[in-house]
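As a basis for the values below, the full set of heavy atoms in this structure was taken, side chains included, without hydrogen atoms, waters or symmetry mates. All of these numbers come straight from a predicted model, not from anything done at the bench.
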Amino acid sequence: MPDAVSLAGVVLAGGASRRMGRDKASMPVPGSSGGAGATTMVEQVVAVLRQRCEPVLVMAAQGQPLPPVQAQIVRDELRGLGPLAATARALRTAAEAGAGFAFVCAVDMPFLAADLIDELTRMAVETGAEVVLPWDGQDHYLAAVYRTDLADRADALVAAGERKMRALVDSSDAQRIVTSDSRSLTNVNTESDLRALTPSRV
């Protein structure tokens with residue numbers, strides 16, 4: 001990643017987690033030690049982002065309990081507006097902190113690697129694209145680099161009733177990086193996803 005790049009990190013942690021049925025941010029990372037010392041999803045993702053990003057923002061719901069993390073916690077102003085509204089606020093906060101780009105990701109990415117952040121940021125700098133996202137047969141809107149000056153556009157989309165990240169990407173100059181290594185992009189959306197990633201104990 002170019003040395004002079006000002007890159008914020010954004011973790012979207014305030015989703016309703018309807019398919020999982022419980023808050024994913026405070027769930028233990030698959031394979032981590034159990035009990036009180038287990039690493040949670042939000043701690044894991046924040047630790048990866050801190051390797052490359054400053055500041056790191058965790059976008060959380062009002063009243064959502066979170067473990068202590070080395071990041072700035074930003075609470076949703078309203079419930080139920082979806083990831084686009086949270087991203088708009090995060091991009092504005094990152095811009096005010098002096099960052100030109102932000103890596104925006106979901107909280108349920110236990111295998112996220114700093115190399116992915118480097119690759120996407122390098123492409124953003126080289127191409128001047130407003131959004132750079134990975135593609136492995138599908139777009140990964142919540143594992144992408146966004147220019148922070150997209151905050152106004154994202155706010156306008158939210159005001160028009162949009163809730164999904166696709167609306168912002170479709171209205172932007174977006175570049176896609178084709179990747180066949182999807183491990184870093186793994187999401188944990190359901191209990192079956194979690195069981196599939198958790199090593200069995202014999």
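Here the closest non-hydrogen pair linking Leu150 and Ser172 is CD2-OG, 3.8 Å. The minimum heavy-atom distance linking Gln138 with His140 is given by the pair O-CD2, 3.4 Å. Of all the heavy atoms in Leu91 and Ala151, the pair that sits closest is CB-CB, 4.0 Å. The two residues Pro134 and Thr179 make their nearest non-hydrogen contact at CB-CG2, 4.2 Å. Val69 and Ile73 make their closest contact through CG2-CD1, 3.7 Å (heavy atoms, listed as atom of the first residue, atom of the second, distance). Minimum heavy-atom separation, Met59 to Ala86: CE-O, 3.5 Å.
Contact annotation: the side chain of Ile177 approaches that of Val132 to within less than 4.5 Å [non-hydrogen atoms, C-beta and beyond]. With contacts defined as side-chain heavy-atom distances shorter than 4.5 Å, the pair Val42/Pro67 qualifies. Side-chain contact between Thr39 and Pro28 is absent, with no heavy atoms from C-beta onward closer than 4.5 Å. Inter-residue side-chain proximity for Ser26 and Leu66 is flagged as unmet; no heavy-atom pair is nearer than 4.5 Å. In this structure, the side chains of Val10 and Leu49 stay at 4.5 Å or more apart for every pair of heavy atoms.
Residues satisfying the salt bridge (Lys or Arg N to Asp or Glu O under 4.0 Å) criterion with Asp155, sequence neighbours excluded, are Arg92. Qualifying side chain to side chain contact (heavy atoms under 4.5 Å, CB included) partners for Val169, counting only residues two or more places apart in sequence or in other chains: Val131, Leu133, Tyr141, Tyr146, Ala174, Arg176. With sequence neighbours left out, the salt bridge (Lys or Arg N to Asp or Glu O under 4.0 Å) criterion links Arg153 to Glu130. In terms of the salt bridge (Lys or Arg N to Asp or Glu O under 4.0 Å) criterion, Asp136 has no residue partners (sequence neighbours excluded). Every residue meeting the side chain to side chain contact (heavy atoms under 4.5 Å, CB included) condition with Gln72, not counting sequence neighbours, appears here in chain and number order: Leu57, Val74, Thr93.
Ion pairing of Asp139 with Arg166 is absent here, as no side-chain N (NZ or NE/NH1/NH2) approaches a carboxylate O to less than 4.0 Å.
A distance-only check finds a donor-acceptor pair linking the side chain of Gln64 to the backbone of Ala13 [under 3.5 Å]. Here the side chain of Glu43 pairs a donor or acceptor atom with the backbone of Thr40 at under 3.5 angstrom. Remark: side-chain polar atoms of Gln175 are not paired, donor with acceptor, to backbone N or O of Ala129 under 3.5 angstrom.
Between atom CD of residue Gln62 and atom CZ of residue Arg75 there is a gap of 7.0 Å, rounded to the nearest 0.5 Å. For the atom pair Thr148 OG1 and Glu96 CD, the distance stands at 10.0 Å (nearest 0.5 Å). One finds the CG atom of Leu157 at 11.0 Å from the CG atom of Asp152 (value rounded to the nearest 0.5 Å).
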| task | Begin from the C-alpha positions of Met165 and Thr87 and carry the test side-chain contact (heavy atoms from CB on, under 4.5 Å) through to its verdict. | result | CA-CA 8 Å; Met165 296 296 292; Thr87 298; 3.3 Å; yes

| request: Any chance you could lay out the side-chain contact (heavy atoms from CB on, under 4.5 Å) test for Arg52 and Asp118, step after step, and finish with the verdict? | output: CA-CA 8 Å; Arg52 298 292 187 270; Asp118 290 345; 2.7 Å; yes

Table please: side-chain donor-acceptor pairs of residues 98-114 below 3.5 Å, with sequence neighbours left out.
{"from": "Asp108", "atom 1": "OD1", "to": "Asn187", "atom 2": "ND2", "distance (Å)": "3.1"}
{"from": "Asp108", "atom 1": "OD2", "to": "Lys24", "atom 2": "NZ", "distance (Å)": "2.9"}
{"from": "Asp108", "atom 1": "OD2", "to": "Val188", "atom 2": "N", "distance (Å)": "3.3"}

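Within a 6.0 Å radius of CD in Gln51, other residues, nucleotides and ligands contribute more than 12 heavy atoms.
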